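Some notes on the structure that comes next.
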Amino acid sequence: MFELEKEKYLGNTKNVFNNSQGIAVVETEYQKKVFEGWHSHNNAHLTLFLKGGTSEKRKNSSTVVGAGSLLFYHSDELHLNHNTLFPSKNINLEIDENLLKELQISEAIIEKSIQHTSLTKFLILKIFRECMIADTFSGDAITMLFAQLSNTHTHLEKFEKSPFWVKSLSELLNDCWNENPNLHDLSTVLNVNPITISKHFPRYFGCTLSEYLRRMKINRSLSLIKSNESNLTEIGFQCGFADQSHFIRTFKSQTGFLPKQFQKL
């Protein structure tokens with residue numbers, strides 16, 4: 001059992017970008033078996049799995065994750081990994097405690113915020129894109145994107161206290177993620193006035209209905225792209241996009257990458 005220092009991970013470190021404002025982005029690869037015992041990290045961090053996967057254990061839980069999965073780790077939180085798929089690749093977004101104090105947020109708030117799973121993934125990818133650009137503006141852009149991520153918990157708190165139809169709507173949208181339901185169809189199924197849905201949707205979901213549906217579709221496309229089982233045209237169609245150009249535009253606006261660029265990460 002040991003603690004890894006800042007910006008250190010068990011895999012091969014491919015790239016590190018530190019914006020000098022309290023955020024480090026570390027790209028790691030796993031080409032062969034590494035230490036599988038209990039360990040922790042000095043800083044809290046988020047990990048987005050780009051490729052491969054692993055089985056992970058923590059004090060009171062165990063989970064299997066693959067490409068497109070997202071995990072949050074508290075500082076000094078013990079965990080171990082085994083049965084890793086090779087090759088695996090991760091993006092690790094590491095947050096210094098001084099930045100958390102400056103932004104007046106806690107690790108608990110970040111942990112809650114990432115329940116907005118798709119938005120968190122997209123913001124991490126946009127941060128990673130900024131690391132690749134690495135120009136004069138990238139450091140500030142990364143901090144601003146992280147601040148946006150940490151603010152999403154406010155909508156979750158409202159969602160938890162929402163009227164019955166909101167959670168029913170959430171389940172319905174998740175069931176038909178690859179379809180294109182309109183406001184009238186949803187209101188009919190839920191027996192709720194369409195004006196009510198339209199007026200209150202941003203309060204509980206943090207965005208418009210159309211934006212939420214786009215996020216769901218692009219989120220599903222991430223693992224499909226990395227699976228390499230379908231070409232990009234087929235994936236766009238599977239995710240409910242009428243044509244390839246619409247899929248490409250939407251993917252770029254949500255993640256900062258073109259689908260082909262993301263496929264090569």
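Keep in mind it's a predicted model, so treat the numbers as computed, not measured. We count residues from 1, following the sequence as given.
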Non-hydrogen atoms of Glu130 and Ala141 that approach each other most closely | CD-CB, 3.7 Å
May I ask you to check whether His74 and Glu107 show a side-chain donor-acceptor distance below 3.5 Å?
-> yes
Can you tell me if NZ on Lys112 sees more than 12 non-hydrogen neighbours from other groups inside 6.0 Å?
-> yes
Could you give me the CA-CA distance, side-chain angles and deciding distance for Ile124 and Leu70, then say whether side-chain contact (heavy atoms from CB on, under 4.5 Å) is met?
-> CA-CA 10 Å; Ile124 290 174; Leu70 177 69; 3.6 Å; yes
How are the rings of His45 and His79 set to each other: parallel, tilted or perpendicular (split at 30° and 60°)?
-> tilted
If we only count heavy atoms from C-beta on, is the Pro194 to His184 side-chain gap below 4.5 Å?
-> no
Salt bridge (charged side-chain N to carboxylate O under 4.0 Å, His left out) between Glu94 and Lys6, worked out = CA-CA 8 Å; Glu94 193 171 311; Lys6 296 178 180 180; over 6 Å; no
Treat each ILVMFWY residue as a node, draw an edge where side-chain heavy atoms are under 4.5 Å apart, and state whether Tyr73 and Leu50 are in one component.
-> no
Heavy atoms from other residues, nucleotides or ligands near CG of Asn191 exceed 12 (cutoff 6.0 Å) = no
Is the backbone N or O of Ser168 less than 3.5 Å from a side-chain atom of Glu171, with the two atoms forming a donor-acceptor pair by type?
-> no
Common cluster, Leu213/Ile197, ILVMFWY with side-chain heavy-atom separation under 4.5 Å | yes
Could you grab the distance from atom OG of Ser198 to atom CG of Leu183, nearest 0.5 Å is fine?
-> 5.5 Å
Kindly determine whether Ile105 and Phe146 satisfy side-chain contact (heavy atoms from CB on, under 4.5 Å), including the steps that lead there.
-> CA-CA 11 Å; Ile105 59 176; Phe146 175 72; 3.9 Å; yes
If you take all heavy atoms of Pro87 and Gln31, which pair is closest and at what distance?
-> CB-OE1, 3.5 Å
Would you call the rings of Tyr212 and Phe201 parallel, tilted or perpendicular, where under 30° means parallel and over 60° means perpendicular?
-> perpendicular
Short side-chain to backbone donor-acceptor contact, Lys89 and Ala67, under 3.5 Å | no
Is there a path from Leu4 to Leu78 through hydrophobic residues (I, L, V, M, F, W, Y) whose side chains come within less than 4.5 Å of each other?
-> no
Side chains of Asp135 and Ser138: do they bring a donor and an acceptor to under 3.5 Å?
-> yes
Report yes if the side chains of Gln238 and Arg220 come closer than 4.5 Å at any heavy-atom pair, otherwise no.
-> no
Distance from Asn180 atom CG to Arg214 atom CZ, nearest 0.5 Å?
-> 10.0 Å
What is the distance from atom NZ of Lys158 to atom NE2 of His200, rounded to the nearest 0.5 Å?
-> 12.0 Å
State, to 0.1 Å, how close Phe128 and Glu27 come at their nearest heavy-atom pair, and which atoms those are.
-> CZ-OE1, 3.6 Å
Which heavy atom of Asn178 sits nearest a heavy atom of Lys217, and at what distance?
-> C-NZ, 3.6 Å
Stepwise side-chain contact (heavy atoms from CB on, under 4.5 Å) test for Asn219 and Phe122 | CA-CA 8 Å; Asn219 182 40; Phe122 301 155; 4.1 Å; yes
Going through the distances and angles, do Ile218 and Phe247 end up as a side-chain contact (heavy atoms from CB on, under 4.5 Å)?
-> CA-CA 8 Å; Ile218 297 303; Phe247 172 53; 4.0 Å; yes
Parallel, tilted or perpendicular: rings of Phe35 and Phe2 (30°, 60°) | tilted
Tell me whether the centres of the aromatic rings in Phe159 and Phe205 are closer together than 6.0 Å.
-> yes
Which side-chain N or O atoms in residues 258-265 pair as donor and acceptor under 3.5 Å with protein atoms at least two apart or in another chain?
unit_1	atom_1	unit_2	atom_2	d
Gln261	OE1	Leu258	N	2.8

Using a strict cut-off of less than 4.0 Å between a Lys/Arg side-chain nitrogen and an Asp/Glu carboxylate oxygen, indicate whether Glu157 and Lys161 qualify as a salt bridge.
-> no
Measure across Ser113 and Ser150 and return the closest heavy-atom pair with its distance rounded to 0.1 Å.
-> OG-O, 3.3 Å
With a 4.5 Å limit on heavy-atom distance, are the side chains of Ile225 and Leu222 in contact?
-> no
Beyond-backbone contact of Ser75 with Glu97, side-chain heavy atoms, under 4.5 angstrom = no
Ser162 side chain to Lys167 side chain, donor-acceptor N/O pair below 3.5 angstrom = yes
Minimum side-chain heavy-atom gap Leu10-His39 below 4.5 Å = yes
Measure the spacing between CG of Asn83 and OG1 of Thr54 and express it to the nearest 0.5 Å.
-> 7.0 Å
Connected via hydrophobic side-chain network under 4.5 Å: Met216 and Val166 | yes
Looking at side-chain heavy atoms only, is the closest gap between Leu186 and Leu209 below 4.5 Å?
-> yes
Counting only heavy atoms not in Phe137, do more than 12 fall under 6.0 Å of its CZ?
-> no
Does one side chain, of Asn18 or Glu7, offer a donor that lies under 3.5 Å from an acceptor on the other?
-> yes
Look up atom OH in Tyr204 and atom CG in Leu156, then write down how far apart they are to the nearest 0.5 Å.
-> 13.5 Å
Check: Cys239 and Leu224 side chains under 4.5 Å, non-hydrogen atoms = yes
With a 4.5 Å heavy-atom cut-off, do Met132 and Phe17 have their side chains touching?
-> no
Which heavy-atom pair separates Ser40 from Asp76 by the least distance, and what is that distance?
-> CB-C, 3.6 Å
Partner of Lys121 under side-chain contact (heavy atoms from CB on, under 4.5 Å), chosen from Leu48, Ile91, Thr255, Ile114 = Leu48
Can a cation-pi geometry be assigned to Arg249 and Phe241, taking NZ or CZ under 6.0 Å from the six-membered ring centre and within 45° of the ring axis?
-> no
Distance only, no hydrogens: is a donor on one side chain within 3.5 Å (strictly under) of an acceptor on the other, for Asn92 and Asn90?
-> no
Can you measure from CZ (Arg58) to CG (Leu71) and round to the nearest 0.5 angstrom?
-> 5.5 Å
Check the hydrophobic clustering (I, L, V, M, F, W, Y; side-chain heavy atoms under 4.5 Å; chains of links allowed) and say if Leu125 and Ile248 are grouped together.
-> no
